[in-house]
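Here is the naming used below: chain letters follow the sequence lines, and residue numbers restart at 1 for every chain.
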Amino acid sequence: MDCENVLLCGDLHVPYRAEGVPKAFKDMLLPGKMQHVVCTGNLCGAEEAAWLKSLAPRMTLVRGDFDDDDSVPETAVTTVGAFRIGVCHGHTVVPWGDVEALAAMARRLDCDILVTGHTHVQSVVEVGGRLLVNPGSMTGAFSATTAASAPAFQLLSLTGHAATVFSYGLARGEVQVTKLTHTKGGGGSAAAAAEA
Amino acid sequence: MDLSVKLSRVDHTFSAGEKCAGRIIVKTRSRLAHSGLMLVAHGEVQPQLSARNAGIFGASQLNPTPILHTELPILDADVFEPGEYELPFEFPIEPIPGETLAETYHGVYVNVQYTVSVELKRSGMFVRSLAAQCPLVVHTPTEAKPDPEPNDFEILPESLKNVRAERLSAIPPFRVTGRLEQTNASLTTPFVGHITVEESTERIRSLELQLVRVETVRNEGREARERTEIQNLQVGEGDVARGMPVPLYAVLPRLFTAPTVHRSLFSIEFEVNVIVRFERHYLSTLNIPITLYRG
Amino acid sequence: MEESKAASLAWVARRRNYAKERQLLAIPVTVPDKHPLDDEGLAYARSKLSRQSGAGRAGGAASARDAGADDPLGAVASADEDPLRAAAGSRAAAAAAAAGASSGPAGSHVVGADDGRASHSGLNWPTTRQRILRKYVVDGSITLSRKLFDDAAKMDAPADRAMSLEEAKERLARLDEAAEPTTELTQRTYQQHIERLHASLESAWASEKRVLALKIAIKTSKLIARPTSMPAFYPSAFAMCSGILDSFGRKVFERLRGIADADSRRMGTGALPADFTAADVGSATRETTRNWLYKTACIRELVPRLYMELALLECYRFLGGEDYAALLTRLAHTCRGVGDPLVAAYARFYLAKQAARLVAGEPERACVWLCLSDQLATWGLTTDEHRVALLGRLGVSQEQYADLFAPPLAWLCQQVAWKAPSKMFSRVIRAFRASCGSPVALTAILSAFDGRDYGPHLADIVPLIKAAAEQPTQLPPADMYRALAEGLVDFPPPVADRMPFLRDAWTAVSAVEDAELFAECAAPFVELLCRHYEREHLIVVLRVVAKRMRKAAKEAAEAAGVPGDAEGGGAESGAGDAAGAGAGAAAAPGTAAAGDTGSASAAAAARRVPVGCLSHLERILVCLVSGPSGSGGDSAASGDGDEGPDPAVITSDAFVSLMDLFSGARKTDVCRRMLEGFVKAGKPTSDPVLVHTLMDMARALHDGLDRSSPAPELARASFLCGRLIELTDFGRDLERQLALLTEARQSFRLLEGAKRRVCLAGLRLTRRALRLVKGRHGARTAPFMRACFAFMHITTPGLASARHRLNIYCAAAESALCNDCAPQADALLAAAVAEVSSVAAPPSTDDHELDTKGETFAEEAVRRVAGSLVMAPGHPEAGPFHHVRSLAEQVRLLAWDPLSSARVRCIMAIADVLGCMGQRELPYRPPAGGAEANDTLYAGDPDYEDELQDLYAATMEEALGAVSVLSDVAKDADDAGSVGEAFRDALMTVIDGLCAHAELSVPEAAATLAKLLKLAKRRGVAEGRLQSLARRLEERAAAAAEEAETGGKQAAAQSEALSRLANGAAVLSGLRQQAWRPADGAAEAE
């Protein structure tokens, strides 16, 4: 079955908080590797936006608190394969990054996967059968509570009803990758969560 | 009532030995009775009278010589109901026994032409027969490709034509060399070669490649000859660099050319002139006979 | 909704453990063996890139195709912009610009071809034609044969009919009588004649008179078949006539295409593809094509025949089966028949340009190389006795004559050099050395190739230049050195050759008399020196340039005959010189003041600097500011590093005095361009002197604008000034950084964007400080931090956008908390809260759409501030919740749209903040070393707890009240449309909020929630949403049950309550058919 790769990224804050995406990432992310780019906002710089756009034929972008363009929506939903993917920057989630608040937003947007940012901390959780992901800050920009974060992004690989999340992070100059899988409609049962 | 004849090829061109195919189209709005539909293909060599050959031919001797004649009955007497009819036909392009086919040709002294005509015969007090015709172009390709027979040439002051021998010493020295790739040339492929001004103290004005047709008609031991320039292409303009080969290149004109023909009554021959014209008024011409064939 | 009121005491914020919840929900991760971006792919991508760069010069298209074949992903990647192509394009464009002959944006030169051949090397035909027309202008009159001047309509038939030999001889005789009637034209009337010809071609074509159109085209080509009576006009005549030929060729091609297209559609194979081949074309089209080609093949005269064949060259695509290479070779050889070297050169030029329409890559190069090598080999024709005598009669110098060859040579060389294998340069030089030696040709060659080609042979080339300069044409060698320097900028010569080269070259350049030409030649040298030489050499050269320019200004002033001015200018320029030198010595902060004396006088003198010099001087200045690896630099080639502009150069007397040559709008412009250069180079700088100079430029740019300047200009200036601030990095010297920001705030008053960037730079500075002190401030750094936040507090109100202000206040407050500046954070938060009403204030128009946008932004603003408040500590006097209270007050005061859910969502945001504040541990807080948050400050304080629960309950009441109001409105609208949608959204927000932070083991709370769920179901909330909520509640019940096993009555009670609710929700939403337990509370309520 065809596999669709979706790049998840956000909180670049270029050039206000960082000069650019680490070269190690730019070397890996080449056009043709993914079919879709999802950006949770706070891109800020036009050059960065153009680069992301050049990576894949489709791009979904939402507005972060430091983005200029008012015409970019605060939330967006896009469909890739069997999945509805909701996107929101997350500075309006109270409290930031809360699983209950994010689960509520996922229900509100009726999406299978919700991608949010703002915390600059990479995470993946499964709540009520829905997948909540945060790709972190692609440039390792400082966040509300930290002076710096580790540069990170995610790649969502969708095949049928299976979603694999590859999480990339830059630590001590090296790109580290972890992976986890999620099945749409499956998992999410209390028992499975408890086992974890 | 409308009668027309159409050949299957847009350019009306068929080769000797091929079958010429086409359709006869009859359109009528009313009943049309007739006493037969007949197709006639005819080809002939037609000498032409001109001021130049007036002495050679009498008017009586200008009768054409048929070389192809085919009669093809298409329909017997019958009636066309109102409507449109297409009647296909086909006949081989073959000479009258004892004759040889020549290519369709329009020259100064001689024409070779072919026509396909059809006639719908009608009899009666107030009706006329209907007729239509169309030209047929016949090509006579050669079976075997002749050897190209290249010609290497050299032009020296000695070849100057308009200078008397005793004044030759006054001519500044020059040497022009070149090559024609084929003196047996196909009508359908470009005529190629090259020419080099090896040396010349006099400035060159122009280099030209002239294609000349020589048409000859004969009658009772007398003959008339007409040389016609059918193409003149300048290949060098001005004082060209020495020692650099310049291409001789000509696409032969479709009109005015035909395969070289030698017949008892007429012949069509070709030659090229390589002309070197100098700044001061003299020129040197090298004449090279060539044979053209349909390949 | 009256039932909710009874439950007012039910609202208690529950205890949560955010970290543990998250942990429970996390999915186990593994380290993958393979991932979509893994090393294999990476190695592949790298190898592809390096392969492209390796093969790029030998034909990038082919290697890209190869790479594409390896891997389907590769195909996509190679379809993307090929960076090499862009680089080479700019190289060709630079070379073209240098040749002064042809240049322009790459890619407009379109190759009409079948397999996606690359767009060409930056050779741009229309631009080249325009340049020729501008450059070769003559004053005198041009003699033209009457026959050629006649109107198109009166044209006699071309001699393509057969004639007897006698007739042919007569024709020759006629031609021999050279005395044809002629007419005299000026360039203007000639051009008008050409325009008339063009118009008659258009009208002939439009009225389907194809033969007439052909005749007009032939006639046009006859105009350029012989050198014009005035040689200097020939290039322009060529440029004009070739335009008509191009237009004719295009018309014929398009017509044939039309026929082929119609054929193709008739055959049912659809439209003719753009990259069609002869196989796609029907026999009728081929026959028509042949007819056109026959018509051109029988033109008697050589040059018209050649031009017509070239104009129709692209038509060969319809025939196919033709050997294009053989065809082009024949045409290239045909040019040898053109005896006049100038006519031949332009015919080859046209051939080269047209060849690209038919072939690309090596076949194209082969044919153009043939043209170039023939042109070089026959160079002797331009200097033979006959020519020299002729030129003498015409009064044309040999130098002028040789210059007429510059455009075709530049074009041929560039086309040959485009992506050429390295041996190409040697071949061209060999051909040059063998028979040419002309400086014009050498300039063209050096411009077309670059340092990669001649860098290694520099020692051999300099003698060639010297020899060329000795030629009878007497062209100064400076132009050749300029071309060489241009090519060396990106690809430097070997170190050992650098100094000898500079000595030879600079001697030649500085010998140039003409100021403008000198400036043009000097510009690439400055760039070369800046990139690859030592600073002292650069400064020496700069001094010479500055001196020459001052001299030129002085001379111009004198020539203008304004005695006072000239005298003053002269004297002052001397003074300026001294002052400049003084300023250079004093350097540093004093520069501006010291330079002033010089600058006033030099500014006066600058008005006299030849205008043509200024663009070259601009290039010099921009290059110096861009730094060694500046604009257009190919980092792989220049290698040497991260240096920005060299401060010692920027502050040198020479630089300052060059700057002073500019004034007014021109100065604003050059400052903008210099900043562009600096910003484009993108190298952060830490040099205070350099920053000072750059700030001067930025101020000059700012001061050159005003409020009425066009918006894009203001935006660009904002960007540049903002970037300058961002690229300034004083490292640990944070105070200097802050001082710069303060200076910037004052300097960029007009530039909204720049001011915002200054604020954001301030924010970044506070974070950098935090990192430098490793999270803990001491007595020395704390006051600085307070100054930073004071700066933020003062600067932010200057922004025009309330949204920007609010977001910056929030971020600054967060940073202040992290930096242990609680009082500053308090003030910033208060400012943020106060800003909510400005964000909500409807924009000045009464446009409804904008109005709702204001509402959306207000909701966003409240929620944004709410997020920050979670980590904010209370105030010693105003209490722990004073910001929450005032935010709630703001929400109460705002004029909300009664038909939207925004108000409820804002109230619930406040409820959520309160929910968080009741926790033993906040979901997030300032890191260690920062301000303490409420969880530490008020841990276990019963008063705090009571106040919080009261507030929470009241807020929930308020939310439920608001929902109830909306419910009634929606009921009237039958829950349809946007009102119904708003109501459902508000209701679900409350339900979600209750689930998130309310204690549901309180029976009243559970009962109310159950009722709200039923209400939601009744009022049309999607079942999926309720199902999903049910699943979440089940998950929580299960987690609580597990917790209960390890003890904890509370957990057991929670589990029980959650199970019931979950079941109720599940039944409601149709997830489950029946009640799970008969005694279910929710079921009972039903």
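Between Glu48(A) and Lys26(A) there is a salt bridge, since a side-chain N of the basic residue sits under 4.0 Å from a carboxylate O of the acidic one. Here Glu814(C) pairs with Arg864(C) in a salt bridge; the nearest charged N to carboxylate O distance falls below 4.0 Å. Using a 4.0 Å cut-off between charged side-chain N and carboxylate O, Glu100(A) and Arg1032(C) make a salt bridge. A salt bridge links Glu860(C) with Arg63(A): the distance from a Lys NZ or Arg NE/NH1/NH2 to an Asp or Glu carboxylate oxygen falls below 4.0 Å.
Ala103(A) does not touch chain C: none of its heavy atoms, backbone or side chain, sits under 4.5 Å away. At a 4.5 Å heavy-atom cutoff, Asn819(C) makes no contact with chain A through either its backbone or its side chain. Proximity to chain A is limited to the backbone of Arg925(C), based on heavy atoms less than 4.5 angstrom apart. Of the atoms belonging to Leu132(A), not a single heavy atom falls under 4.5 Å from chain C. If you measure heavy-atom distances from Thr146(A) to chain C, the contacts under 4.5 Å come from the backbone alone. Heavy-atom distances place both the backbone and the side chain of Val29(C) under 4.5 Å from chain A. Within the 4.5 angstrom heavy-atom criterion, only backbone atoms of Ser143(A) (N, CA, C, O) approach chain C. Heavy-atom distances place the side chain of Pro923(C), and not its backbone, under 4.5 Å from chain A. Contacts between Glu19(A) and chain C at a heavy-atom distance below 4.5 Å involve backbone atoms as well as side-chain atoms. In this structure, no portion of Ala761(C) lies under 4.5 Å from any heavy atom of chain A. Of the atoms belonging to Met871(C), it is side-chain heavy atoms, and not backbone ones, that fall under 4.5 Å from chain A. Residue Leu1029(C) touches chain A through both its backbone and its side chain, counting heavy-atom pairs closer than 4.5 Å. If you measure heavy-atom distances from Ser868(C) to chain A, the contacts under 4.5 Å come from both the backbone and the side chain. Of the atoms belonging to Asp65(A), heavy atoms from both backbone and side chain fall under 4.5 Å from chain C.
Applying the ring pair (Phe, Tyr, Trp, His ring centres under 6.0 Å) rule to pairs touching residues 108-130 of chain A yields His13(A)-His120(A), His89(A)-His118(A), Trp96(A)-His118(A), sequence neighbours excluded. For the ring pair (Phe, Tyr, Trp, His ring centres under 6.0 Å) condition, no pair includes a residue of residues 30-55 of chain A, sequence neighbours left out.
Taking the centre of each ring, Phe153(A) and Phe25(A) come in below the 6.0 Å mark.
In terms of non-hydrogen atom pairs under 4.5 Å with chain A, the most contact-rich of Leu763(C), Asp992(C), Thr989(C) is Asp992(C). Counting heavy-atom pairs closer than 4.5 Å to chain C, the top-ranked of the candidates Ala141(A), Ser167(A), Ala101(A), Ala18(A) is Ala18(A). Comparing Ala106(A), Ser157(A), Ala104(A) by heavy-atom pairs within less than 4.5 Å of chain C, the highest count is held by Ala104(A). Of the listed residues Arg757(C), Glu21(C), Arg22(C), the one with more heavy-atom pairs under 4.5 angstrom with chain A than any other is Arg22(C). Here Asp985(C) is the residue among Val31(C), Asp985(C), Leu817(C), Leu770(C) with the most heavy-atom pairs under 4.5 Å with chain A. The greatest number of non-hydrogen atom pairs below 4.5 Å with chain A, out of Arg723(C), Arg768(C), His997(C), Gln1027(C), is found for Arg723(C).
Residue Arg803(C) forms a salt bridge (Lys or Arg N to Asp or Glu O under 4.0 Å) with just one option from Asp70(A), Asp68(A), Asp69(A), and that option is Asp70(A). Here the options are Ile910(C), Val884(C), Leu914(C), the test is side-chain contact (heavy atoms from CB on, under 4.5 Å), and the partner is Leu869(C); only Val884(C) passes.
Proximity of Leu180(A) to Val124(A): side-chain heavy atoms (C-beta onward) are separated by under 4.5 Å at one or more points.
Under a cutoff of 6.0 Å and an axis angle of 45°, Arg771(C) and Phe142(A) do not form a cation-pi pair.
Between the SG atom in Cys759(C) and the NE2 atom in His804(C) there is a gap of 10.5 Å [rounded to 0.5 Å].
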